[in-house]
Amino acid sequence: MKRKNLALSAVLACTALGVGIAGARDFKSAAPMDQLSEFVGNGVCTGSVMAMGKTPSHASTGKYHSEKTLDGHWIVIHYDEDSGAGVAKPYHVIQYISYDPTKQRFVSVAFDNSSPGYSVGSGTGWKQGDAFTLDETQVMGGKPVVFRDTFTRSGSNVSTHIGTMRDEHGKWVKTDEEDCKPL
């Protein structure tokens with residue numbers, strides 16, 4: 001769904017190398033990828049974006065479309081914020097999530113329209129039943145910044161997303177929060 005300051009390109013090649021060419025094709029069990037089925041579909045999200053840098057806080061609405069891709073080894077999530085009052089530049093993000101069987105972790109790469117950067121990260125899957133967390137790192141201003149995407153589910157659908165980032169003191173600070181409903 002969404003998080004500020006992500007972007008595009010050669011990362012897929014780098015991620016494929018990180019997962020390992022053989023590992024990317026050697027899915028011995030479909031079970032880990034089955035955990036991503038809650039992400040697949042279309043929906044609408046409403047929430048708020050906190051003030052960050054030049055972006056003032058504002059109410060947010062947007063749509064997402066998610067599907068399996070690359071022979072079912074990845075899911076891709078497209079999130080597009082709607083334009084409106086207080087939204088000078090609607091936010092758009094594309095996030096890929098898969099499973100690395102060698103590291104036994106989910107991997108993520110995300111790109112957005114707010115900067116030339118990108119983020120890569122990982123997570124262990126649904127924890128305590130209903131929370132899926134990805135910790136991701138992006139270089140901003142020459143320094144690594146750690147973001148966390150936490151998705152929760154209700155039934156078989158993702159129902160909320162909360163984005164946070166570590167501040168200069170190591171404290172998690174909320175960047176955005178959305179409630180999502182499938183279409």
Trainee: Which of these, Tyr96, Phe132, Trp74, sits in a ring-ring contact (aromatic ring centres under 6.0 Å, His included) with Phe106?
Mentor: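 Going through Tyr96, Phe132, Trp74 one by one, the ring-ring contact (aromatic ring centres under 6.0 Å, His included) with Phe106 is satisfied by Phe132 alone.
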Trainee: Would Ile97 and Ile77 count as a side chain to side chain contact (heavy atoms under 4.5 Å, CB included) if you check the C-alpha gap in whole Å, the side-chain angles of each, and the deciding distance to 0.1 Å?
Mentor: CA-CA 8 Å; Ile97 305 173; Ile77 303 168; 4.0 Å; yes
Trainee: Determine the minimum heavy-atom distance between Ser48 and Glu178, stating which atoms define it.
Mentor: O-OE2, 4.1 Å
Trainee: How about Arg148 and Thr133: do any of their side-chain heavy atoms sit closer than 4.5 Å?
Mentor: yes
Trainee: Keeping Asp71 on the side-chain end and His73 on the backbone end, is there a donor-acceptor pair under 3.5 Å?
Mentor: no
Trainee: Are His65 and Asp80 close enough, and set up right, to give a side-chain hydrogen bond (donor to acceptor under 3.5 Å, both in side chains), and what steps lead you there?
Mentor: CA-CA 9 Å; His65 169 75; Asp80 297 297; over 6 Å; no
Trainee: Would you mind reporting whether Lys63 and Asp82 have side-chain heavy atoms less than 4.5 Å apart?
Mentor: yes
Trainee: When clusters are formed by joining ILVMFWY residues with side-chain heavy atoms under 4.5 Å apart, either directly or through shared neighbours, do Ile75 and Trp126 land in the same one?
Mentor: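 Linked within one cluster.
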Trainee: Taking a hydrophobic cluster as the set of Ile, Leu, Val, Met, Phe, Trp and Tyr residues connected by side-chain heavy atoms closer than 4.5 Å, whether directly or through intermediates, do Ile94 and Leu70 fall within one such cluster?
Mentor: yes
Trainee: Are the side chains of Arg166 and Phe147 in touch, meaning some heavy atoms are under 4.5 Å apart?
Mentor: no
Trainee: Would you say Val107 and Val120 make side-chain contact, with heavy atoms under 4.5 Å?
Mentor: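 Val107 does not reach Val120 side chain to side chain.
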Trainee: Is there a side chain to side chain contact (heavy atoms under 4.5 Å, CB included) between Leu36 and Lys68? Walk through the geometry before answering.
Mentor: CA-CA 9 Å; Leu36 300 177; Lys68 291 181 180 181; over 6 Å; no
Trainee: Please evaluate residues Trp172 and Val146 with respect to the criterion side chain to side chain contact (heavy atoms under 4.5 Å, CB included), reporting the C-alpha separation (whole Å), side-chain torsions for both, the decisive distance (0.1 Å), and the verdict.
Mentor: CA-CA 9 Å; Trp172 288 105; Val146 177; 3.7 Å; yes
Trainee: So, for Glu67 and Val40, which heavy atoms are closest and what is the spacing to 0.1 Å?
Mentor: CA-CG1, 4.1 Å
Trainee: Restricting to non-hydrogen atoms, name the atom on Asn113 and the atom on Pro90 that form the minimum distance, rounded to 0.1 Å.
Mentor: ND2-O, 3.0 Å
Trainee: How close do Tyr79 and Ser60 get, heavy atom to heavy atom, and via which atoms?
Mentor: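 The answer is OH-OG, 3.7 Å.
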Trainee: Please give me the minimum heavy-atom distance between Gln95 and Phe151, naming the atom from each residue.
Mentor: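 Smallest heavy-atom distance, with atoms named: OE1-CZ, 4.3 Å.
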Trainee: Please lay out, stage by stage, how Thr175 and Met50 fare under the test side chain to side chain contact (heavy atoms under 4.5 Å, CB included).
Mentor: CA-CA 5 Å; Thr175 58; Met50 298 5 173; 5.5 Å; no
Trainee: Can Ile162 be reached from Met165 by stepping across I, L, V, M, F, W or Y side chains whose heavy atoms are under 4.5 Å apart?
Mentor: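 No: no chain of side-chain contacts under 4.5 Å links Met165 to Ile162.
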Trainee: I need the Thr150 OG1 to Asp130 CG distance, nearest 0.5 Å.
Mentor: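 One gets 13.0 Å once the value is rounded to the nearest 0.5 Å.
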Trainee: Shortest non-hydrogen contact from Tyr64 to Cys180?
Mentor: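 Looking at all heavy atoms of both residues, the closest pair is CE2-CB, 4.0 Å.
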Trainee: For Phe39, is there any backbone N or O sitting under 3.5 Å from a side-chain donor or acceptor partner on Ser66?
Mentor: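 Present.
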Trainee: With the side chain counted from C-beta on, respond yes when His161 and Asp176 share a heavy-atom pair under 4.5 Å apart, and no when they do not.
Mentor: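 They are in contact (side-chain heavy atoms under 4.5 Å apart), so the answer is yes.
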Trainee: Taking the side chain as C-beta and beyond, is there a heavy-atom pair between Lys181 and Val44 under 4.5 Å?
Mentor: no
